[in-house]
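Note that ligands are numbered from 1 as they come in the structure, with each ligand's atoms numbered from 1 the same way.
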Amino acid sequence: MVKFEDIKGFVFDLDGVIADTSVYHSKAWHQLADELGVAWSDDLAENLKGVGRMDSLNLILKTGGKENAYTEEEKEKYAAKKNTNYLSLLKNMNASAILPGISDFLKTLEEHDYRLSLASASKNSPLVLEQLGLAKYFEKRVDPTTLKHGKPDPEIFARGAEVLGYKPEECIGIEDAKVGVESINAAGETSVGIGDPKILHEADINFTDTTQLTLANIKAAMEVGEH
Ligand code: G6P
Ligand code: MG
């Protein structure tokens, strides 16, 4: 692992790291899976984390053995329907959806002059950040519509470092999705996984929830990793 002192930037995932919105994504996909006659499961919900909109729909269809059941046009319609449902779930969302400890963590990072960027696959991330009142922390963002590949490809996290003007090894990436941790690692950044360590076992550092996500805990974990 690189040294804590060499870290200059933090590249954040959004859904499930900054805010509780992965629950809303899941709810909206679950609703659509029911409509498509595809059985919902915890595994499917886990595998959808971090996956872009159309890729998520394709994964749901594949899981139900329906990958060839719909035309591209029909699939566009279903993906749009999921998004409409997702947006209606977001309607009354405010700063109370920020996950515990995240506001303090962002403040601490700012006080210590770290640069922050956003590496979310969600096209709704500008809206979500606005509603949470956290847009000011993320002037630097990767626009997911400009990407060729989804997570676990390193592209999004590599760009997350690039927009900060830092090398990947000078950045820490933070993720709740297995594919997200893989993307961070493949980009050559230090990965922090938030969630079940069994699922996120590839992360350099693991915290079971966001209350543990502090600069002091990251420093301590990186110092242990050095020996
Ligand atoms: C994130 C979430 C996924 C979501 C994807 C696309 O990666 O973890 O659950 O499917 O973004 O989000 P969007 O808001 O563009 O449909
Ligand atoms: Mg996420």
Practice item. State the atom name: nearest N, O or S atom of Asp176 to the Mg ion (ligand 2). Key: OD1
Point to revise | Sidechain N-carboxylate O distance under 4.0 Å for Glu182, Lys178 | key: yes
Point to revise | Cationic tip of Lys140 above Phe138 ring, under 6.0 Å, 45° of axis | key: no
**Study point:** Cationic N near anionic O, under 4.0 Å, Lys77 to Glu74
**Key:** no
Point to revise | Ser56 neighbourhood, listing ligand 1 atoms whose heavy-atom distance to it stays under 4.0 Å | key: 10 (O)
Practice item. Please report which non-hydrogen protein atom sits nearest to atom 1 (C) of ligand 1, along with the residue it belongs to and the distance in Å to one decimal place. Key: Asp15 OD2, 3.3 Å
**Study point:** Heavy-atom closest contact (Tyr70 atom, Leu36 atom, distance)
**Key:** OH-CD2, 3.6 Å
Review point. At the 4.0 Å heavy-atom cut-off, does Gly50 count as touching ligand 1?
Key: yes
Point to revise | Atom pair CG/OG of Leu134 and Ser103 - distance to nearest 0.5 Å | key: 5.5 Å
Review point. Heavy atom of Ser22 under 4.0 Å from ligand 1?
Key: no
**Study point:** Metal proximity, Glu175 vs the Mg ion (ligand 2), N/O/S cut-off 2.8 Å
**Key:** no
Review point. Do Lys151 and Asp13 meet the salt-bridge criterion of a basic N to acidic O distance under 4.0 Å?
Key: yes
Exercise for review: Starting from the Mg ion (ligand 2), look over the N/O/S atoms of Asp13 and name the nearest one.
Suggested key: OD2
Exercise for review: May I ask you to say whether Glu67 pairs ionically with Lys62, meaning some side-chain N is under 4.0 Å from a carboxylate O?
Suggested key: no
Review point. Of the listed options (Glu175, His25, Met54, Lys49), which comes nearest to atom 9 (O) of ligand 1 when hydrogens are ignored and any heavy atom counts?
Key: His25
**Study point:** Proximal ligand 1 atoms for Asn124, defined as those under 4.0 Å from one of its heavy atoms
**Key:** 13 (P), 14 (O)
Check your understanding: Quick one: do Glu46 and Lys49 make a salt bridge, cutoff under 4.0 Å?
Key -> yes
Review point. Going by the order shown, which atoms of ligand 1 are within less than 4.0 Å of some heavy atom of Arg53?
Key: 6 (C), 13 (P), 14 (O), 15 (O), 16 (O)
Check your understanding: Is the shortest N/O to N/O distance between Lys123 and ligand 1 below 3.5 Å?
Key -> yes
Review point. When you measure from atom 10 (O) of ligand 1 to every protein heavy atom, which one gives the shortest distance, and what is it?
Key: Val51 O, 2.8 Å
Review point. For the Mg ion (ligand 2), what is the closest N, O or S atom on Asp15?
Key: O
Check your understanding: Do Ser120 and ligand 1 have an N or O pair less than 3.5 Å apart?
Key -> no
Review point. So, are Glu223 and Lys219 salt-bridged, with charged N and O less than 4.0 Å apart?
Key: yes
